[in-house]
Amino acid sequence: MKRFDCGSLVPGCHWHTRADEDAEVVRRTVEHMKTAHGETVIRETMIDHIKQRIRDDVQAA
Ligand SMILES: [Zn+2]
């Protein structure tokens, strides 16, 4: 499992997501950015920032 904590990108946000694939984590995070943080345009740099912060979720192994 892969895990992304929004707080690593948006300080103070406690949202996180987990998925088997990086791509799915990114997809869910992009949805979260749009709905929770009002991001209408998701830039390539933001995708990179998300990918850089995806971690292996050892608890779910
Ligand atoms: Zn967030």
Side-chain angles (χ1 to χ4, degrees):
M1 293 290 276
K2 303 291 184 177
R3 177 189 172 108
F4 172 79
D5 287 272
C6 190
S8 65
L9 190 59
V10 182
C13 183
H14 297 292
W15 182 89
H16 71 272
T17 190
R18 291 189 302 204
D20 288 329
E21 303 290 336
D22 281 15
E24 178 65 7
V25 173
V26 170
R27 193 188 67 77
R28 292 183 190 183
T29 302
V30 166
E31 281 302 306
H32 169 75
M33 289 296 168
K34 290 178 179 175
T35 58
H37 298 301
E39 297 283 352
T40 52
V41 177
I42 304 298
R43 297 171 192 274
E44 198 68 27
T45 52
M46 179 170 285
I47 301 293
D48 288 340
H49 288 153
I50 293 167
K51 287 179 177 174
Q52 287 164 9
R53 288 165 174 79
I54 293 174
R55 299 175 303 165
D56 287 314
D57 192 343
V58 290
Q59 284 185 326

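What you see below is based on every heavy atom in this structure, not just the backbone, and it leaves out hydrogens, waters and symmetry mates. We count ligands from 1, going down the list as the structure has it; atoms in each ligand are counted the same way.
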Run the side-chain donor-acceptor check on residues 33-46: report pairs under 3.5 Å with partners two or more places apart or on a different chain.
from, atom 1, to, atom 2, distance (Å)
Thr35, OG1, Glu31, O, 3.0
Thr35, OG1, His32, O, 3.4
His37, NE2, His32, NE2, 3.1

> Around the Zn ion (ligand 1), how many protein N, O or S atoms are closer than 2.8 Å?
Replying inline: 4

> Nearest 0.5 Å, what's the SG-NE2 distance between Cys6 and His14?
Replying inline: 10.5 Å

> Roughly how far apart are Asp57 CG and Lys2 NZ, rounded to 0.5 Å?
Replying inline: 10.0 Å

> In chain order, what residues pass the salt bridge (charged side-chain N to carboxylate O under 4.0 Å, His left out) check against Arg27, with sequence neighbours excluded?
Replying inline: Glu24

> Is there a chain of hydrophobic side chains (I, L, V, M, F, W, Y, each step under 4.5 Å between heavy atoms) that links Ile47 to Val25?
Replying inline: yes

> Residues two or more places apart in sequence or in another chain: which of them pass side chain to side chain contact (heavy atoms under 4.5 Å, CB included) with Arg53?
Replying inline: Phe4, Ser8, Leu9, His49

